2 protein chains.
Amino acid sequence: MDRRQQKTRDAIFDAFGMLLTEKSFSKITVQEIIDAANVGRTTFYAHFPTKDDLLREMCAEIFDHVFSDAPRAENTHDFSANGRDTTTAVTHVLYHLRDSRKNILGILSSESGDLLLTFFRQYLNKSLAMRMLDGVRPADSVPMDFLVNHISGSFISMVQWWVENGLRETPEEMARYFMSVTDPILSVGNM
Amino acid sequence: MDRRQQKTRDAIFDAFGMLLTEKSFSKITVQEIIDAANVGRTTFYAHFPTKDDLLREMCAEIFDHVFSDAPRAENTHDFSANGRDTTTAVTHVLYHLRDSRKNILGILSSESGDLLLTFFRQYLNKSLAMRMLDGVRPADSVPMDFLVNHISGSFISMVQWWVENGLRETPEEMARYFMSVTDPILSVGNM
DNA sequence: TCGATATAGAACATAATGTTCTGTAAATAT
DNA sequence: ATATTTACAGAACATTATGTTCTATATCGA
């Protein structure tokens, strides 16, 4: 990719991320973005047809980065019975979220957080579905994709709670909370 | 309240609800609302300072109605151990959501659904906190409000899944799914 | 070095927002 | 029933944001 393209893309992402911590997505104007990013109006529209596309692409980039080097659970069956692999994976993702240079949690706690969490949830559903399919059996004739959706939702809820409470807990603590509400579910039908 | 006020308020709510099933909140213009509601421009702004206020007030009205005649669990301790009260309460709310004249689920499945679910979640957190406080003890030193948030989130996730899957299940089935993923959590520390 | 392309900047058309005015109809109070 | 108050419609308006089109310039890759 042309260095110029990458440069303006980064500049727009940085400016947009900063603005998102200050005000809600819907109240941010294209003018503000291009002023903060110091790029021309035409340049912006050359990169992103709409503001929605900008958000979508930035989310994809963030989540790809957050999950790219997360330790994959080697033993997928370890998803239950207080799987150590799962705990460390969750912890790792939480550290990433908290310490990201892009101030992800700042964005999540803003008025636009829900919008971002929607993408997050879709992302989780997809990647969880692949991991869980062979490791866990549905319990009590509860559909598998219901379970997957429930686990993704639980993760999102946890992050929301964590952010809204001022990140007082360590990622390790949060991972333990998470396991304590998801492990009993997954253990039931899985032996 | 002046009958005229109530009339225009209803007209605006109806028009807005209909539009929400067609397009996303952010793409709906005030002009479209007042055309569909057949009210004057000034009238709209006299009732709702912004489009956001309109959404907020409509949500409040909907949720108040949905929960107003939900059977309250007499025995709050019954929240665990497959509490029958809780199951029927959940079932009742799901029926309300599905069969509401205002097409709530149509709105929830639209692009604006997340916005609405945010209000829903806040509403649930508040009303759940009151019900659970004396009935359930936290397990494993997991904070009470974390648990409350988890249950609310689980409910929201369930509704999202239900809607996205085309409402194929009955409210009774969904309530059973819900209990199967929340009951193991609540039973642990509660005896 | 040269051709291709990304960019800046200005100017522009279009469309949405929110306000202000006037006259009219409908509610409530007496 | 009449008077008074209040809500409303409709139009006109200023303001602001969006998205496009143009030209000129600077930077990239080969």
Side-chain angles (χ1 to χ4, degrees), chain A residues 1-61 107 110-116 119, chain B residues 1-61 107 110-116 119:
Chain A
M1 179 184 260
D2 195 316
R3 292 178 215 160
R4 291 172 294 182
Q5 287 186 35
Q6 190 60 53
K7 208 178 118 193
T8 59
R9 193 179 164 87
D10 287 344
I12 289 174
F13 278 167
D14 282 350
F16 185 51
M18 198 187 60
L19 285 167
L20 274 174
T21 66
E22 295 171 4
K23 58 206 309 194
S24 87
F25 172 76
S26 62
K27 295 205 192 308
I28 295 172
T29 67
V30 173
Q31 193 63 49
E32 289 172 315
I33 299 172
I34 65 182
D35 284 347
N38 198 33
V39 299
R41 187 167 194 74
T42 37
T43 306
F44 176 88
Y45 283 108
H47 280 259
F48 307 101
T50 71
K51 229 172 54 183
D52 288 61
D53 291 295
L54 168 58
L55 181 67
R56 212 184 325 279
E57 291 201 31
M58 197 172 81
C59 287
E61 203 152 283
I107 299 174
S110 74
E111 282 186 59
S112 320
D114 303 302
L115 208 50
L116 232 134
F119 292 115
Chain B
M1 179 184 263
D2 196 315
R3 292 177 217 158
R4 291 170 294 181
Q5 287 187 36
Q6 190 60 54
K7 210 178 116 194
T8 58
R9 192 180 165 88
D10 287 345
I12 290 174
F13 278 166
D14 282 350
F16 185 51
M18 198 188 58
L19 286 167
L20 274 175
T21 66
E22 296 171 4
K23 56 204 315 190
S24 86
F25 172 75
S26 63
K27 296 205 191 309
I28 295 172
T29 67
V30 173
Q31 192 62 49
E32 289 173 315
I33 299 173
I34 66 182
D35 284 348
N38 199 30
V39 300
R41 187 167 195 74
T42 38
T43 307
F44 176 88
Y45 284 107
H47 281 259
F48 308 100
T50 70
K51 231 173 53 185
D52 287 62
D53 291 295
L54 168 57
L55 181 68
R56 213 184 324 279
E57 290 201 30
M58 198 173 79
C59 286
E61 203 152 283
I107 300 174
S110 74
E111 283 185 57
S112 321
D114 303 301
L115 207 50
L116 232 134
F119 293 115

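These numbers come from a predicted model, not from an experiment. Sequence lines set the chain letters: A, B, ... in the order given, protein chains first and strands last, and positions in each chain run from 1.
Atom pair B/D52:CG and C/dG18:C1' shows a separation of 14 Å (rounding to whole Å applied). Whole-Å rounding puts the B/M1 CE to C/dT28 C1' distance at 15 Å. The CG-C1' distance, from A/D35 to C/dA8, rounds to 13 Å in whole Å. Here the P atom of nucleotide D/dT16 and the NZ atom of A/K51 are 17 Å apart, to the nearest Å. Between the CD atom of A/Q31 and the P atom of D/dG19 there is a distance of 13 Å, rounded to whole Å. Rounded to whole angstrom, the span from the CD1 atom of B/I33 across to the C1' atom of C/dT17 amounts to 12 Å. As rounded to whole Å, 10 Å separates atom P of C/dG9 from atom CD1 of A/I34.
Evaluation of the side chain to side chain donor-acceptor pair (under 3.5 Å) rule for A/T42 yields no partner, not counting sequence neighbours. For the ring pair (Phe, Tyr, Trp, His ring centres under 6.0 Å) test, no residue two or more places apart in sequence or in another chain qualifies with A/F25. Among residues two or more places apart in sequence or in another chain, the salt bridge (charged side-chain N to carboxylate O under 4.0 Å, His left out) test is passed with B/D2 by B/R4. Considering only residues two or more places apart in sequence or on other chains, A/T8 meets the side chain to side chain donor-acceptor pair (under 3.5 Å) condition with A/H47. For B/K27, there are no salt bridge (charged side-chain N to carboxylate O under 4.0 Å, His left out) partners, not counting sequence neighbours. Remark: A/D52 engages no residue in a salt bridge (charged side-chain N to carboxylate O under 4.0 Å, His left out) (not counting sequence neighbours). Residues that satisfy the side-chain contact (heavy atoms from CB on, under 4.5 Å) test with B/R41, not counting sequence neighbours, are B/V30, B/Q31, B/I34, B/Y45.
Across all non-hydrogen atoms, the minimal contact from A/A15 to A/A36 is CB-CB, 3.6 Å.
Remark: A/I33 CD1 to A/L20 CG distance equals 8.0 Å, nearest 0.5 Å.
Sorted by first and then second residue, the salt bridge (charged side-chain N to carboxylate O under 4.0 Å, His left out) pairs with a member in residues 7-17 of chain B read B/R9-B/E57, B/R9-B/E61, B/D14-B/R101; sequence neighbours excluded. Contacts classified as salt bridge (charged side-chain N to carboxylate O under 4.0 Å, His left out) and involving residues 15-24 of chain B (residues at least two apart or in different chains) are given here: B/K23-B/E32.
If A/T29 and A/R3 are placed on DNA chain D by their nearest nucleotide, the residue sitting closer to the 5' end is A/T29.
Contacts between residues 10-22 of chain B and DNA chain C, counted as heavy-atom distances below 4.0 Å, involve no residue at all.
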**Asked** Where along nucleotides 2-15 of chain D does protein come under 4.0 Å, by heavy atom, of base (B) or sugar-phosphate alone (S), with - for untouched nucleotides?
**Response** ----BSSBBB----
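Each end of the helix from C/dT1-D/dA30 to C/dT30-D/dA1 yields a helix axis from five base pairs, and these two axes differ in direction by 50° (to the nearest 10 degrees).
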